[in-house]
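Below you'll find the structure, written out as structure tokens, and then a few comments.
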Amino acid sequence: MMPEKQRHPTGQEQSPASIQNSGQGKFEEIIIYDELRKQLEHVSLALFKELIRRFAWRKIDWRKLFLAGAVMSIAGIILPTFLLAYHRNSRFESPNGTMHLSKNLTEARLDKSQLVTSAPFVSLNSSIESKESARVLRMRQNRRKTIDVLKVVHPPPRRSVPRHLQRYLQSLSSHEALLYAKREIEHAPLVENVGNDSYLYAPVFQNISIFKRSYELMEMILKVYIYRDGKKPIFHQPRLNGIYASEGWFMKLMEANREFVTKEPEKAHLFYLPYSSRQLELALYVRNSHNLRPLSKFLRDYVNMIASKYPFWNRTHGSDHFLVACHDWQGPFITTEHVELKDNAIKALCNADLKENFVAGKDVSLPETAIRIASKPLRNIGGGIRVSQRPILAFFAGKMHGRVRPKLLKHWLNKDADMRIYGPLSRRVSKNMSYVRHMKSSKYCICPMGYEVNSPRIVEAIYYECVPVIIADNFVLPLSEVLEWKAFSVTVAEIDIPKLKEILLAIPLKRYLQMLMNVKMVQKHFLWNPNPMRYDLFHMILHSIWYNRLNQIQIPQS
């Protein structure tokens with residue numbers, strides 16, 4: 001009796017011979033793997049004997065020996081895996097799950113007969129491979145959950161400046177160039193924004209036309225002189241991680257910049273005092289002494305030295321000089337010993353508190369960015385899940401310091417399932433969902449002040465595509481010279497903490513979706529790119545300093 005043909009799920013009939021051929025390939029694969037393993041064992045044994053022979057009665061460099069052993073072990077694991085994967089992919093597997101012969105064998109047989117796909121079969125080896133594939137797939141999915149790759153969108157190139165305009169600007173003194181820029185900004189042409197297709201998204205700006213014209217003029221005109229005076233680590237040594245990373249990244253990128261930095265101070269429009277408030281604290285502050293006077297006296301003496309050595313400070317009494325500092329003590333305490341530094345210089349501060357020597361319109365609110373790994377400042381950015389899949393209405397986790405956070409926990413800790421309000425995130429909670437995943441899974445991220453009004457959670461919420469809810473009275477929001485914070489955040493007064501859920505639920509869905517879209521569109525303006533790009537955070541901070549310097553210029557009535 002003729003052997004009965006078996007039918008493949010695709011509808012094609014298959015003979016036992018074709019099934020046997022496909023199964024034979026699997027056994028060949030096992031044989032190849034065993035041969036490779038045996039050969040590697042022989043090579044390893046031979047190398048080990050050679051090492052013993054050569055190093056006998058000699059001093060052994062154990063570091064090199066350990067390194068060689070590690071390389072051999074890794075090669076023994078990875079090489080067979082890659083070879084086996086290549087052999088299997090080129091011979092058997094197809095995207096639709098059926099079994100095919102290799103390409104060369106297929107082409108050879110096409111001349112004699114039509115290729116017939118074989119029926120799938122079950123073997124011990126195939127079940128192990130399926131389990132292994134499932135395990136790899138789960139690992140990849142878990143990796144995607146924790147590490148999201150940011151899609152970088154590059155800005156348009158700078159607009160070329162006509163030569164006659166370049167010659168005219170070069171003929172102006174620094175003060176005349178600032179007057180020219182201010183007049184041009186006051187008569188900025190109207191920008192017609194086309195929405196999502198434009199790199200600059202109008203809804204997140206107070207006035208897109210003024211910002212765009214001001215930014216273009218900054219690129220055409222601005223020159224910054226960096227004082228070389230001052231020794232490390234307080235000067236010229238940025239710290240690039242931690243909650244004070246903003247001042248460090250700005251220092252690093254400013255000192256490496258060739259577009260705006262000039263070595264000729266006579267041509268400069270702004271002068272940068274390149275010190276780190278964090279390094280100042282580490283160098284001079286005695287822990288638990290509560291005595292900040294040594295820090296303020298050090299800064300006072302530095303400014304006096306600059307004023308006596310160079311003519312530029314006294315020329316404007318410091319109004320064209322600026323500093324960038326993120327430590328809480330910087331604004332209310334450290335600058336108070338020098339009157340002109342406190343009153344005239346432009347201070348870019350994280351602690352932008354109107355009640356603590358911060359002057360809106362002159363000083364700049366510096367975004368506080370918590371960078372965990374200095375070599376990867378853009379790690380985990382983006383990747384917020386779809387709104388319909390976000391199970392959490394509002395989320396906060398953090399230490400209990402300052403006046404606001406204890407009130408927040410008092411009213412909302414374990415009070416409502418929609419309000420995930422914690423103290424420090426416990427291991428039990430973070431084991432199921434990490435801090436970053438909490439933010440990416442929440443509609444709103446609560447950003448209460450700490451010891452001072454600023455908080456790194458505001459920028460974190462923007463990074464992780466969660467609408468920030470800011471609770472900090474008297475706080476001047478970062479880069480508020482140009483950004484329209486109402487478009488992508490919610491501000492809640494400290495007194496309204498008991499009504500927090502009511503306030504959030506009162507926001508219509510359409511309004512929330514628009515805010516979430518604006519968070520994604522404004523995100524690029526808060527990024528520390530290792531290689532700066534137009535309109536990123538480095539350029540946005542520099543622009544706000546430039547813009548506030550222009551605010552101090554008075555145009556003559558004539």
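Small disclaimer: the values here were computed from a predicted structure and weren't measured.
For residues 205-290, there are no disulfide bond (SG atoms under 2.5 Å apart) pairs, not counting sequence neighbours. Applying the side-chain hydrogen bond (donor to acceptor under 3.5 Å, both in side chains) rule to pairs touching residues 469-488 yields Glu481-Ser544, Glu481-Asn548, sequence neighbours excluded. Residues in residues 463-528 take part in these disulfide bond (SG atoms under 2.5 Å apart) pairs, two or more places apart or across chains: Cys445-Cys466. Pairs passing the disulfide bond (SG atoms under 2.5 Å apart) check and including a residue from residues 484-531, sequence neighbours excluded, do not occur. For residues 442-482, the set of pairs meeting the ring-ring contact (aromatic ring centres under 6.0 Å, His included) definition, not counting sequence neighbours, comprises His401-Tyr451, Tyr444-Tyr512.
Looking only at side-chain heavy atoms (C-beta outward), His154 and Tyr199 stay at 4.5 Å or farther from each other. Counting only heavy atoms from C-beta outward, the side chains of Trp329 and Ser277 never approach each other to under 4.5 Å. A 4.5 Å side-chain heavy-atom check between Asn257 and Val261 finds at least one atom pair inside the cut-off. Val303 has its side chain out of reach of Glu340: every pair of non-hydrogen atoms, C-beta onward, lies at least 4.5 Å apart. Within the 4.5 Å cutoff, the side chain of Trp528 has no heavy atoms near those of the Leu240 side chain. Residues Val492 and Leu500 are in side-chain contact: their nearest non-hydrogen atoms beyond the backbone lie under 4.5 Å apart. Counting only heavy atoms from C-beta outward, the side chains of Ser174 and His269 approach each other to under 4.5 Å. Between Trp249 and Pro377, some side-chain heavy-atom pair lies under the 4.5 Å cut-off.
One finds no salt bridge joining Glu247 and Arg239 here, because no Lys/Arg side-chain nitrogen approaches an Asp/Glu carboxylate oxygen to under 4.0 Å. Using a cutoff of 4.0 Å between basic side-chain nitrogens and carboxylate oxygens, Lys347 and Glu356 are not scored as salt-bridged. Lys182 has no carboxylate O lying under 4.0 Å from a charged side-chain N of Glu186, or vice versa, which leaves the two without a salt bridge.
The aromatic rings of His338 and Trp313 stand perpendicular to each other, their planes meeting at an angle above 60°, with 30° marking the opposite boundary. Taking the six-membered ring for Trp and thresholds of 30 and 60 degrees, Tyr227 and Tyr225 have ring planes more than 60 degrees apart, a perpendicular arrangement. Ring geometry for Phe322 against Tyr272 counts as parallel: the plane angle stays under 30°, on a 0 to 90° scale with 60° as the upper cut. Classified by interplanar angle (parallel below 30°, tilted 30° to 60°, perpendicular above 60°), the ring pair Phe271/His321 is parallel.
Of all heavy-atom pairs between Val459 and Thr369, the closest is CG1-CG2, 3.7 Å. The shortest heavy-atom contact between Lys501 and Leu393 is CG-CD2, 3.9 Å. Residues Cys447 and Ala461 share a closest heavy-atom pair of SG-CB, 4.5 Å. The two residues Val490 and Val467 make their nearest non-hydrogen contact at CG2-CG1, 4.4 Å. Closest approach of Arg372 and Asn241 over heavy atoms only: O-CB, 4.2 Å. Closest approach of Glu460 to Ala370, counting heavy atoms only: OE2-CB, 4.1 Å.
Arg534 places a side-chain N or O within donor-acceptor distance of the main-chain N or O of Pro156, the cut-off being under 3.5 Å. Of the possible polar contacts, one joining the Gln166 side chain to the Val161 backbone as a donor-acceptor pair under 3.5 Å is found. Here the side chain of Tyr302 pairs no donor or acceptor atom with the backbone of Gly230 at under 3.5 angstrom. A donor-acceptor contact shorter than 3.5 Å links the side chain of Asn314 to the backbone of Ala307. Listed for the Asn518 side chain is a donor-acceptor partner under 3.5 Å among the backbone atoms of Ala487. Of the possible donor and acceptor atoms, none in the side chain of Ser489 sits under 3.5 Å from a partner among the backbone N and O of Pro468. In this structure, the side chain of Ser365 engages the main chain of Val476 through a donor-acceptor pair within 3.5 Å. In terms of modelled atom types and a separation under 3.5 Å, the side chain of Arg405 and the main chain of Lys399 share a donor-acceptor contact. Side-chain N or O atoms of His236 include none that pairs as donor or acceptor with a backbone N or O of Lys231 at under 3.5 Å. Although no hydrogens or angles enter the test, the distance criterion places no donor-acceptor pair under 3.5 Å between the side chain of Lys520 and the main chain of Ile462.
With sequence neighbours excluded, the residues forming a salt bridge (charged side-chain N to carboxylate O under 4.0 Å, His left out) with Asp229 are Lys309, listed by chain and number. For Lys407, there are no salt bridge (charged side-chain N to carboxylate O under 4.0 Å, His left out) partners, not counting sequence neighbours. Applying the salt bridge (charged side-chain N to carboxylate O under 4.0 Å, His left out) test to Glu176 and every residue at least two apart in sequence or in another chain returns nothing. For Gln552, the side chain to side chain contact (heavy atoms under 4.5 Å, CB included) criterion is met by Ser319, Ile346, Lys362, Arg549, not counting sequence neighbours. Every residue two or more places apart in sequence or in another chain that forms a side chain to side chain contact (heavy atoms under 4.5 Å, CB included) with Arg167 is listed here: Arg163, His164. Legend: residues meeting side chain to side chain donor-acceptor pair (under 3.5 Å) with Arg278, ordered by chain and number and at least two apart, are Glu281. Residues passing the salt bridge (charged side-chain N to carboxylate O under 4.0 Å, His left out) test with Lys267, sequence neighbours excluded: Glu264.
Here Tyr285 and His327 keep their ring centres 6.0 angstrom or further from each other. In this structure, the ring of Phe396 has its center no less than 6.0 angstrom from the ring center of Trp412.
In this structure, Asn454 CG and Leu366 CG are separated by 9.0 Å, a value rounded to the nearest 0.5 Å. Atoms CD and OH, from Glu368 and Tyr244 in turn, are 7.5 Å apart once rounded to the nearest 0.5 Å. Taking CD from Glu219 and NE2 from His539, the interatomic distance works out to 7.0 Å, rounded to the nearest 0.5 Å. Expressed to the nearest 0.5 Å, how far OH of Tyr435 lies from OH of Tyr422 amounts to 12.5 Å. Between atom CG of residue Leu479 and atom CD1 of residue Ile541 there is a gap of 6.5 Å, rounded to the nearest 0.5 Å. Summarising the geometry, atom CG belonging to Asn304 is positioned 10.5 Å from atom CD belonging to Glu337; distances are rounded to the nearest 0.5 Å.
No more than 12 heavy atoms of other residues, nucleotides or ligands shown are found within 6.0 angstrom of CZ on Arg159. Other residues, nucleotides and ligands place more than 12 heavy atoms under 6.0 Å from the CG atom of Asn291. Other residues, nucleotides and ligands place no more than 12 heavy atoms under 6.0 Å from the CD1 atom of Ile495.
Figure legend: Lys252 and Phe538 shown without cation-pi pairing, the cationic atom not lying both under 6.0 angstrom from the six-membered ring centre and within 45 degrees of its axis.
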The test is side chain to side chain contact (heavy atoms under 4.5 Å, CB included); show your working for Val324 and Ile545 and say whether it passes.
CA-CA 10 Å; Val324 178; Ile545 296 169; 4.3 Å; yes
